[in-house]
Amino acid sequence: MMLMNRIRCCSSLSLHILKSGDTFRQTRIYSNQDILEYSKVAHDLNPLHFNCETAQNAGFKDRIVHGMLVSALFPQIISSHFPGAVYVSQSLHFRQPVYIGDEVVGVVQAINIRENKKRYFTKFSTKCFKNGELIVDGEAMAILSSLAVEQVHSLG
């Protein structure tokens with residue numbers, strides 16, 4: 001089983017078909033530039049993301065990363081393994097803040113797969129961790145055209 005998981009994640013020669021319980025991970029460290037770029041696109045100029053004093057007055061130790069930016073790890077993970085996946089829904093629970101420089105591990109696990117007309121309606125458990133502690137969790141639903149797991153492609 002351990003060898004199979006390693007092959008699944010690392011070998012481009014073997015074909016793996018998604019099954020309930022399969023897990024995918026990605027790690028990201030958020031920068032000030034990430035916050036600036038996200039705020040421009042999302043038009044989210046909440047001072048909690050830009051002003052240290054405002055963030056501290058709200059009970060945070062420093063400026064926080066947008067929760068939706070952190071949760072964007074989930075569709076990124078899914079689409080990197082299933083190109084063309086259609087993201088249908090996402091529930092989110094923000095449990096802990098993320099600060100600039102924090103390393104976040106996003107984890108997506110297939111928990112239910114249902115076929116309908118050669119499309120696969122797949123429910124995923126979605127979680128983010130920081131220093132081993134749960135910071136975001138929820139569930140996502142995506143429609144996959146294939147259950148074949150693709151090799152992860154880096155954006156650069």
Side-chain angles (χ1 to χ4, degrees), residues 1-31 33-35 37-39 41-42 44 46 48-49 60-156:
M1 179 92 155
M2 194 77 113
L3 179 59
M4 182 187 285
N5 285 339
R6 192 172 60 207
I7 290 172
R8 236 184 263 164
C9 296
C10 302
S11 173
S12 61
L13 299 177
S14 67
L15 176 66
H16 177 71
I17 301 301
L18 180 69
K19 296 182 292 300
S20 288
D22 285 352
T23 301
F24 306 94
R25 302 177 194 298
Q26 185 170 337
T27 301
R28 180 160 180 194
I29 297 173
Y30 295 91
S31 69
Q33 188 65 30
D34 292 329
I35 291 172
E37 290 176 11
Y38 180 82
S39 67
V41 172
D44 182 347
N46 187 328
L48 293 173
H49 309 298
F60 300 105
K61 70 177 186 180
D62 203 345
R63 301 180 302 136
I64 58 173
V65 176
H66 299 78
M68 296 306 288
L69 176 57
V70 174
S71 63
L73 268 173
F74 305 136
Q76 182 179 0
I77 293 168
I78 292 169
S79 67
S80 70
H81 292 286
F82 304 96
V86 177
Y87 219 73
V88 177
S89 66
Q90 174 75 61
S91 66
L92 295 168
H93 302 275
F94 298 102
R95 305 200 180 275
Q96 298 287 326
V98 174
Y99 300 103
I100 295 170
D102 283 348
E103 181 177 87
V104 174
V105 178
V107 179
V108 172
Q109 182 178 40
I111 55 176
N112 186 287
I113 304 166
R114 185 174 46 89
E115 183 179 2
N116 186 2
K117 298 179 183 176
K118 297 185 181 182
R119 297 186 322 171
Y120 302 91
F121 293 78
T122 307
K123 184 186 284 188
F124 293 93
S125 165
T126 55
K127 298 180 182 197
C128 283
F129 298 90
K130 177 176 76 172
N131 300 322
E133 202 172 321
L134 181 65
I135 56 171
V136 179
D137 69 327
E139 289 185 346
M141 178 66 75
I143 302 171
L144 312 178
S145 59
S146 168
L147 294 179
V149 179
E150 298 273 331
Q151 182 178 358
V152 177
H153 301 284
S154 175
L155 295 177

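I35 and L69 get closest at one heavy-atom pair: N-CD2, 4.5 Å. Nearest approach of C128 to V70, heavy atoms of both residues: SG-CG1, 4.0 Å. The minimum heavy-atom distance linking A142 with F124 is given by the pair CB-CE1, 4.1 Å.
At least one side-chain heavy atom of V149 sits less than 4.5 Å from a side-chain heavy atom of F24.
For residues 64-90, there are no salt bridge (Lys or Arg N to Asp or Glu O under 4.0 Å) pairs, not counting sequence neighbours. Pairs engaging residues 68-81 under the salt bridge (Lys or Arg N to Asp or Glu O under 4.0 Å) rule: none recorded [sequence neighbours left out].
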Trace of the side chain to side chain contact (heavy atoms under 4.5 Å, CB included) decision for F74 with V136
CA-CA 11 Å; F74 305 136; V136 179; 4.1 Å; yes
L147 and E115: CA distance, side-chain angles, deciding distance, side chain to side chain contact (heavy atoms under 4.5 Å, CB included) verdict
CA-CA 10 Å; L147 294 179; E115 183 179 2; over 6 Å; no
Output, in order, the C-alpha distance, side-chain angles, deciding distance and verdict of side chain to side chain contact (heavy atoms under 4.5 Å, CB included) for R63 and H49.
CA-CA 5 Å; R63 301 180 302 136; H49 309 298; 5.7 Å; no
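For R28, the salt bridge (Lys or Arg N to Asp or Glu O under 4.0 Å) partners two or more places apart in sequence, or in a different chain, are D34. Evaluation of the side chain to side chain donor-acceptor pair (under 3.5 Å) rule for E37 yields Q33 as partners, not counting sequence neighbours. The side chain to side chain donor-acceptor pair (under 3.5 Å) test applied to E133 returns no partner, not counting sequence neighbours. Residues satisfying the ring pair (Phe, Tyr, Trp, His ring centres under 6.0 Å) criterion with Y38, sequence neighbours excluded, are H66. The side chain to side chain contact (heavy atoms under 4.5 Å, CB included) search around L134 returns R95, K127, F129, D137, not counting sequence neighbours. By the side chain to side chain contact (heavy atoms under 4.5 Å, CB included) test, A72 is found to be paired with no residue, residues two or more places apart in sequence or in another chain being considered. Listed by chain and number, the residues in a side chain to side chain donor-acceptor pair (under 3.5 Å) with Q90 are Y87, T126 (sequence neighbours excluded). For R119, there are no side chain to side chain donor-acceptor pair (under 3.5 Å) partners, not counting sequence neighbours.
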Enumerate donor-acceptor pairs with a distance under 3.5 Å from any side-chain N or O in residues 96-112 to protein atoms, sequence neighbours excluded.
{"from": "Y99", "atom 1": "OH", "to": "K61", "atom 2": "N", "distance (Å)": "3.2"}
{"from": "D102", "atom 1": "OD2", "to": "Y99", "atom 2": "N", "distance (Å)": "2.7"}
{"from": "D102", "atom 1": "OD2", "to": "K130", "atom 2": "NZ", "distance (Å)": "3.2"}
{"from": "Q109", "atom 1": "NE2", "to": "G21", "atom 2": "O", "distance (Å)": "3.0"}
{"from": "Q109", "atom 1": "NE2", "to": "T23", "atom 2": "OG1", "distance (Å)": "3.4"}

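Note that the CD1 atom of I78 and the CG atom of L18 stand 10.0 Å from one another [nearest 0.5 Å]. Rounded to the nearest 0.5 angstrom, D22 CG and I113 CD1 are separated by 7.0 Å. Atom NE2 of H81 is separated from atom NE2 of H16 by 10.5 Å, given to the nearest 0.5 angstrom. Taken from OG in S91 to CE in M141, the straight-line distance is 10.5 Å, to the nearest 0.5 Å.
No donor-acceptor distance shorter than 3.5 angstrom exists from the side chain of S79 to the backbone of A85, with no hydrogens or angles considered.
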